[in-house]
> 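Submitted below is the structure of interest, expressed as structure tokens.
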2 protein chains.
Amino acid sequence: MSGRPAAGDAATAAGRRRRPRRDAELNRERVLDAAISAMLREGRHVPLAVIAAEAGVGIGTLYRSYPDRDALLHALEYRAYGLLNQILDEVDRPDVPGLDAVREFLARTIALGDQLILPLHGAPPLVSDRAVRARQEINRRLERFIERGHADGSIRAAVNATDVIVFSALITQPLPHGPGWPIVARRQLAIFVNGLAGSGPAGLPGPAVTREDIETAFALRAASPSPGPVPLGDDPQASPSPPGPDR
Amino acid sequence: MSGRPAAGDAATAAGRRRRPRRDAELNRERVLDAAISAMLREGRHVPLAVIAAEAGVGIGTLYRSYPDRDALLHALEYRAYGLLNQILDEVDRPDVPGLDAVREFLARTIALGDQLILPLHGAPPLVSDRAVRARQEINRRLERFIERGHADGSIRAAVNATDVIVFSALITQPLPHGPGWPIVARRQLAIFVNGLAGSGPAGLPGPAVTREDIETAFALRAASPSPGPVPLGDDPQASPSPPGPDR
DNA sequence: ACATATCCGGAACAATTCGTCCACATCGAC
DNA sequence: GTCGATGTGGACGAATTGTTCCGGATATGT
């Protein structure tokens with residue numbers, strides 16, 4: 001991080017490249033937004049040309065930022081993880097009971113709507129190590145909420161952190177999310193939270209499912225489309241696209 | 001409807017056509033099965049040629065039964081509705097409490113796995129009147145379970161039939177449904193059912209959502225891809241392609 | 001067993017979509 | 001204001017996918 005040329009002086013240093021142009025970055029954002037709205041409207045396979053048009057940029061511009069459709073989806077996904085971590089920042093106050101933290105997290109997740117609905121679901125969850133790390137961090141932080149809830153008695157013991165993670169994944173799926181969807185989703189949330197807290201018949205069926213199990217399932221699913229054993233290291237276009245959704 | 005030639009005699013009647021050949025019908029089933037497995041493996045946009053190959057039929061055969069991809073998806077969806085109604089038949093014994101009926105229905109739904117996961121979600125829910133009718137019937141029957149649950153006290157009053165319908169839609173979404181998925185889903189179900197039954201803080205947030213609201217949301221979403229105000233009556237390809245998935 | 005309506009297969013053709021390339025425009029540092 | 005690096009746009013060839021068509025194979029009723 002120390003090598004990053006501060007805007008003021010080091011641009012001449014060891015021949016490092018300038019900071020990316022402002023308009024270029026703006027265009028990248030525009031493309032991401034257009035991608036969400038176009039895919040929501042016409043399905044995940046809208047021609048990239050349509051997205052470019054909707055973003056008001058040329059097709060060449062789109063291709064420079066995102067070499068192919070996967071790169072675009074990946075950027076979308078990564079940005080979504082940034083949003084989730086942002087929510088977690090806001091929600092994670094150590095004094096609130098675990099159950100309330102969970103509820104609040106899920107409520108804000110629902111409120112984000114389209115921003116999450118599309119990126120996180122319905123297509124191969126891409127596996128760059130950046131993305132995997134981001135996902136793991138989110139999961140870990142949610143896990144902490146649950147543990148806190150177990151400790152303070154607001155969440156019954158049988159409930160696993162994974163159960164919450166899975167619910168959050170379900171509730172952000174691209175179902176008929178017309179104007180009425182947030183209402184419907186909030187009702188689901190209320191029922192779910194009630195199920196977490198209730199002191200009903202104690203146990204949950206089947207063995208517990210761990211965070212690692214879920215990660216594995218994701219990885220498997222992502223790897224399957226290409227029959228060969230793809231190495232799935234980090235993708236080459238790591239630095240250009242979303243430089244700062246993590247702030 | 002009365003004009004359908006009974007298998008036994010009327011074949012010679014007014015020059016009506018013979019009964020469709022057995023092998024043809026078999027091939028149609030094969031194609032549907034192959035479509036599910038191929039789409040599950042490679043995503044919803046596998047080339048139709050791949051599906052045909054996997055079904056062991058020629059591409060021409062596929063096209064004769066299903067004039068385009070939508071027709072194929074439609075047939076899949078319709079078959080899924082058939083399965084759901086079949087489950088409802090088995091579950092609907094008038095003596096069991098409403099909550100148990102709901103639980104059983106959802107449990108079997110989960111057990112169906114791939115058969116539902118793919119057809120029902122992730123792409124425009126097609127609107128032929130046949131499909132709409134089937135969906136409405138399922139919804140109505142579930143509604144009856146809920147009302148029974150309200151009456152016998154097994155389901156708290158704030159819960160709407162729609163809430164259950166929405167959950168059933170969520171739980172059959174194509175999430176990472178690797179080998180571990182049924183376990184995860186069953187846990188979600190347990191939490192949900194607990195939330196239905198619990199006597200926690202009474203109300204649910206927001207106004208109630210009716211079955212009609214959901215149907216509307218579906219219709220809107222399906223209509224949206226084409227910007228113009230499509231009338232969305234029944235689609236023209238109703239009769240030729242899937243003559244008997246309703247067996 | 002025969003006749004024939006029905007169905008099959010896949011090669012050939014058409015329509016989309018992808019992805020590249022390069023002449024021109026624009027930004028930012030000086 | 002000037003200059004060079006960086007970014008832009010869209011026409012074009014390549015590749016993929018969709019769709020048709022028809023000679024030949026097969027089931028079905030008699």
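Protein chains get the first letters and strands the later ones, always in sequence-line order, with residue 1 at the start of each. Every heavy atom of this structure was used, including side-chain atoms; hydrogens, water molecules and symmetry mates were not. Computed from a predicted model, the values in this text were never measured in an experiment.
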> What is the separation between atom CZ on A:Arg21 and atom C1' on C:dC27, rounded to the nearest whole Å?
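In whole Å, C:dC27 C1' lies 4 Å from A:Arg21 CZ.
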> Ring-plane angle category for B:Tyr78 and B:Tyr81, please: parallel below 30°, perpendicular beyond 60°, tilted otherwise.
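Taking B:Tyr81 first and then B:Tyr78, their aromatic rings stand perpendicular (interplane angle over 60°).
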> In whole Å, what is the span from the CD1 atom of A:Ile51 to the P atom of D:dG9?
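Computing the A:Ile51:CD1 to D:dG9:P distance gives 16 Å.
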> If you assign B:Ala49 and A:Gly60 each to the DNA chain D nucleotide with the nearest heavy atom, which residue ends up on the more 5' nucleotide?
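Nearest-nucleotide comparison on DNA chain D picks A:Gly60.
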> Between D:dA27, D:dG9, D:dG18, spot the one nearest the side chain of A:Thr61, thanks.
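Side chain of A:Thr61 sits closest to D:dG9.
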> Between A:Asn27 (CG) and C:dC27 (P), how many Å, whole number?
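Atom-to-atom, A:Asn27 to C:dC27, this comes out as 11 Å.
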> Is it true that a side-chain atom of A:Thr172 and a backbone atom of A:Ala169 form a donor plus acceptor pair closer than 3.5 Å?
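Such a contact is found between A:Thr172 side chain and A:Ala169 backbone.
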> Please report the distance, rounded to the nearest Å, between CG in A:Asp23 and P in D:dA5.
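Distance check: A:Asp23 CG to D:dA5 P gives 17 Å.
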> By nearest atom, which of the nucleotides D:dG7, C:dG10, C:dC8 is closest to the B:Ile59 side chain?
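The answer is C:dG10, which lies nearest to the side chain.
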> A:Leu26 has an atom CG; how far is it from atom C1' of C:dC27, in whole Å?
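So the two atoms are 13 Å apart, to the nearest Å.
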> Given the rule in the side chain to side chain contact (heavy atoms under 4.5 Å, CB included) test, do B:Gln86 and B:Arg108 qualify, once you have shown the distances and angles that lead to the verdict?
CA-CA 11 Å; B:Gln86 201 171 317; B:Arg108 298 212 193 185; over 6 Å; no
> Regarding B:Glu25 and B:Arg19, does a basic nitrogen lie under 4.0 Å from an acidic carboxylate oxygen?
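So B:Glu25 does not pair with B:Arg19 through a salt bridge.
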> Using whole Å, report how far CG of A:Asp68 lies from P of D:dT16.
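Rounded to whole Å, this separation is 14 Å.
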> Choose from C:dG9, D:dG18, C:dC18 the nucleotide whose nearest atom is closest to any side-chain atom of B:Arg64.
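Between C:dG9, D:dG18, C:dC18, the one nearest the side chain of B:Arg64 would be C:dG9.
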> Any donor-acceptor pair under 3.5 Å between the side chain of B:Arg22 and the base of D:dT28?
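Looking at the base of D:dT28, it does not pair with any donor or acceptor on the side chain of B:Arg22 (distance under 3.5 Å).
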> Between atom OH in B:Tyr63 and atom C1' in C:dC13, what is the gap in whole Å?
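Spelled out: OH on B:Tyr63 to C1' on C:dC13 is 13 Å.
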> Round to a whole Å and report the spacing from CG of A:Leu48 to C1' of D:dG9.
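Atom-to-atom, A:Leu48 to D:dG9, this comes out as 16 Å.
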